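Quick note: numbers below take in every heavy atom, side chains included, and nothing from hydrogens, waters or symmetry partners. Convention: sequence-line order gives letters A, B, ...; per-chain numbering from 1. Since the structure is predicted, the reported quantities are computational estimates derived from the model, not experimental observations.
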There are 2 protein chains.
Amino acid sequence: MDRIDRTILNLLQTDASRTNADLAGELGLAPSSCMRRIRRLKASGMIERIVAILNPAKVNRGIKAMVMVELERHGETWMRRFLEPLKDEPSVVQAYSVSGSTDVVMMLRLKDIEEFDTLSDRLFRDDANVARYTTLFVIRTAKETTFVPV
Amino acid sequence: MDRIDRTILNLLQTDASRTNADLAGELGLAPSSCMRRIRRLKASGMIERIVAILNPAKVNRGIKAMVMVELERHGETWMRRFLEPLKDEPSVVQAYSVSGSTDVVMMLRLKDIEEFDTLSDRLFRDDANVARYTTLFVIRTAKETTFVPV
DNA sequence: CTTGAAAAAAAGTGCCC
DNA sequence: GGGCACTTTTTTTCAAG
């Protein structure tokens, strides 16, 4: 993990569709060396995956909401029981258990308010272990990135 | 935008490193046809970018925190004045203005608590327009994806 | 043990139907 | 949407620092 590896990670986080030769050129490396480094970074698990990022508005998922959930019983088992099903909910893109008075925070991506209504019925109102939940709708997205500097 | 286009989007959101021929095979399409669709989806802006997703823990950004900020004056100008500088903060990966009693919610990715301390001093304590801020540290990540079903 | 150069294999491009 | 010749890129191999 030297400076070159870190640069590669930053470049690929910005644009992973660049060709190996192109990257190598920018880094002042031979294409084969650059490739070997990228492969190493993938094998070591630092690069988790290469994905396409879509424009949410253009694929009809323009509404973002954040929900803070307080559970009635917050032990490990109850927490797990609440979190596990969220993995199968396509509209839930992030779900965390957190410190503080709130137990769980989740980020939702929805088509419209009706979809929020249906989902919150299912996830919060119908769950006897949900003591309270607060929804914050996103008005404006100031920043949203997958980039973490290394 | 037919069913095939939607399938392509879902596949590329999961793994954008697959070859065109591979995708075409799975879709029962000729490589050239598949390629034409992908190019169309990029040109139309539905596919915004192709990026590498890193493992935060392995690149020393293991700590996640969510901060809810209430501003003293919440008019458009003050809001902008608070949000704009966040774009230049590498540790801030998401920042939204939201509905409700909180004005801004942001997601931070940090190396350690010290980094949080430094950052919160700079962003919140030194800003006279920040009335109150609450920090929720992420204990467990139950789900975290860039995938939005289409 | 890492790098660079060159050849072989694979994938992507563009134009035709 | 499919087919095909052409170009670019990736992968492998191997020699050198």
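- For the pair B:Asp22 CG and C:dA11 P, the computed distance is 9 Å after rounding to whole Å.
- A donor atom on one side chain and an acceptor atom on the other are not found under 3.5 Å apart for A:Lys58 and B:Ser44.
- Heavy atoms of A:Ser32 sit under 4.0 angstrom from at least one base atom.
- A side-chain donor from one of A:Ser91 and A:Arg61 sits under 3.5 Å from a side-chain acceptor of the other.
- Toward the 5′ end of DNA chain D lies the nearest nucleotide of A:Asn20, the other residue of the pair A:Asn20 and A:Arg36 mapping further downstream.
- The interatomic distance linking B:Arg37 (CZ) with C:dG14 (C1') rounds to 19 Å, in whole Å.
- B:Glu84 has a carboxylate O that lies under 4.0 Å from a charged side-chain N of B:Lys87, or vice versa, which qualifies the two as a salt bridge.
- Between A:Asp2 atom CG and C:dC1 atom P the separation is 17 Å, expressed in whole Å.
- Counting only heavy atoms from C-beta outward, the side chains of B:Phe147 and A:Val51 never approach each other to under 4.5 Å.
- The side chain of B:Met35 lies closest to C:dT13 when the candidates are D:dT9, D:dG2, C:dT13.
- Within the 4.0 angstrom heavy-atom criterion, no nucleotide atom of any strand lies near A:Arg18.
- Not one side-chain nitrogen or oxygen of B:Arg39 sits closer than 4.0 Å to the OP1 or OP2 atom of C:dG12.
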